[in-house]
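Convention: sequence-line order gives letters A, B, ...; per-chain numbering from 1. Bear in mind that the values here come from a model prediction, so they are computed numbers and not experimental data.
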Protein chains: 2
Amino acid sequence: MRDAYHEELDSISDGLVEMARLVGSAIGRATTAMLDSDLKLAENVIEADQKVDELQHDLEARAIALLARQQPVATDLRIVVTSLRMSADLERSGDLAQHVAKLARLRYPDRAVPSDLHATILEMGQLAQRLMAKAAEVIITKDVDLALQLEQDDDAMDLLHRTLFQHLMDDRWKHGIETAVDVTLLGRYYERFADHAVSVAKRVVYLVTGEHADELQTDVQPEIQAVSGAESA
Amino acid sequence: MRDAYHEELDSISDGLVEMARLVGSAIGRATTAMLDSDLKLAENVIEADQKVDELQHDLEARAIALLARQQPVATDLRIVVTSLRMSADLERSGDLAQHVAKLARLRYPDRAVPSDLHATILEMGQLAQRLMAKAAEVIITKDVDLALQLEQDDDAMDLLHRTLFQHLMDDRWKHGIETAVDVTLLGRYYERFADHAVSVAKRVVYLVTGEHADELQTDVQPEIQAVSGAESA
């Protein structure tokens, strides 16, 4: 019975890794679609999100079946419950990649991102993809040090996000309101995507060490704080 | 044993209702703080979110303890797992209310919202609060008809969101980029808050009827679609 149990648990873990790989690929391709104004690639990303949703449903059903059949307690129970949370993080990351792709599609054949922000958005997209690749690796290896690295990467994402907002707030901004709105939303999508990758890694840390990493720092509006300099407000 | 079980289950449900009430109040007060530029109220909302986080931790611990001790199966198991998801929705709603309050605090003594958008933001805030009040009622009554009403309310939220974006995209927009960024983020906070309230109600529907409501329509960027008119893009 215990063997069947661990096999089921492994298959849930495999499902999580597959989800992480799919959404990591999705954010990379969505970024390319947007920067290159590649309609076909954008539509490809939008459609591919269905696979992520299916994986999540499947994974949840298996987790619940496992709870019912095996009735795990203690650590084993925590692993299953935490898997459910990780799958929710990954599903939501997929939505965010899809949002980026939808924006690319919406603006086609124009580009949503003006050329002077191209490099920053490219970096945000690549960093998001790397964060998710590391999150997948953390699920596989349960490497706590690697998990903690993700927080540093997330700091880099915050910095990029600030750069984006500094461009927006610059008096020399010449791209009008529509582009400002697009860039604001894009910045938020990448930031939230990174938050979810960090969240996945932190949940692994919790499982391994039994200790909660610090309360997950989700989107604290650093961009606005930084730009206005009104930290104490 | 079964009595103890149902008592525990009731106490989890009570916890969810309390969370919904707290975050419903928070979004209402955050909106007031922003429209009135009331710093004290904003800080009050920001601090109060800790109580929501504590409730969530407490609720999760009790749900996991219940799984371990009572080992529920079938419907009972689904109730507990679904409660965990609802608590995550409610915790995230609290974060979003806090974001609104932080924006109010950041712009103090100025107002983040220009006067010609005051009425729209007030409506969004009130609607968000009503949605969460209904979600709480759905948790208590398990009233499926009421749960389905929330989707209509959410359509009204989408409409308000579109109105906001039409203002933003209007050539006569005179409030500059910083305000455009603030309003873009605010619109997104209210929209996501509403999505989470709808999600809570839909999870109750699933528990009662055993059927998933349609895949939850989370933020499909209707605002951008509507404004650009590029539905087919």
Side-chain angles (χ1 to χ4, degrees), chain A residues 39 42 53 57 60 63-65 67-74 76-78 80-81 84-85 88 92 95-96 98-99 102-109 165 168-171 173 175-178 180-185 187-188 212 215 218-221 223-225 227-228 230-233, chain B residues 39 42 53 57 60 63-65 67-74 76-78 80-81 84-85 88 92 95-96 98-99 102-109 165 168-171 173 175-178 180-185 187-188 212 215 218-221 223-225 227-228 230-233:
Chain A
L39 180 60
D53 294 345
H57 283 153
E60 286 188 356
I64 290 174
L67 285 173
R69 272 204 307 274
Q70 307 279 357
Q71 312 212 320
V73 295
D76 288 345
L77 173 58
R78 237 170 35 202
V80 180
V81 170
L84 285 169
R85 293 205 189 108
R92 184 73 199 138
D95 288 346
L96 292 162
Q98 196 186 39
H99 288 355
K102 281 184 176 172
L103 193 58
R105 181 175 71 175
L106 183 69
R107 296 298 172 225
Y108 177 85
F165 273 74
L168 275 170
M169 299 299 183
D170 193 308
D171 288 340
W173 177 265
H175 308 295
I177 298 288
E178 182 180 276
V181 169
D182 286 352
V183 168
T184 301
L185 290 173
R188 184 132 182 100
H212 273 294
E215 281 302 295
T218 46
D219 54 347
V220 289
Q221 304 178 312
E223 70 286 1
I224 300 183
Q225 305 275 355
V227 169
S228 75
E231 282 84 358
S232 66
Chain B
L39 179 61
D53 294 345
H57 283 153
E60 287 189 355
I64 290 173
L67 286 173
R69 271 203 307 272
Q70 306 278 358
Q71 311 211 319
V73 293
D76 287 346
L77 173 58
R78 236 171 35 203
V80 180
V81 170
L84 285 169
R85 292 203 189 111
R92 183 74 199 137
D95 288 345
L96 292 162
Q98 196 187 41
H99 288 354
K102 281 185 176 172
L103 193 58
R105 181 176 70 176
L106 182 69
R107 297 298 173 224
Y108 177 85
F165 273 74
L168 276 169
M169 299 301 182
D170 192 308
D171 288 341
W173 177 266
H175 309 294
I177 298 288
E178 181 180 276
V181 169
D182 286 351
V183 168
T184 300
L185 289 174
R188 185 132 182 100
H212 271 295
E215 281 302 296
T218 46
D219 54 345
V220 289
Q221 304 177 313
E223 69 287 1
I224 301 182
Q225 305 275 354
V227 169
S228 74
E231 282 84 358
S232 66

Non-hydrogen side-chain atoms of [X] and [Y] separated by less than 4.5 Å:
| X | Y | answer |
| --- | --- | --- |
| A:Gln71 | B:Val73 | yes |
| A:Val181 | B:Met169 | yes |
| B:Leu84 | A:Leu84 | no |
| B:Arg188 | A:Thr184 | no |
| B:Arg85 | A:Glu60 | yes |

| Side chain, backbone, both or neither of A:Leu168 within contact of chain B (heavy atoms, under 4.5 Å) | both

| message | Can you tell me which portion of A:Leu77 sits under 4.5 Å from chain B's heavy atoms? Options are side chain, backbone, both or neither. | response | side chain

| message | To the nearest 0.5 Å, what is the distance between CD on B:Glu178 and CZ on A:Phe165? | response | 11.0 Å

| Looking at B:Ile177 and A:Gly176, what are the two nearest heavy atoms and their distance? | CD1-O, 4.2 Å

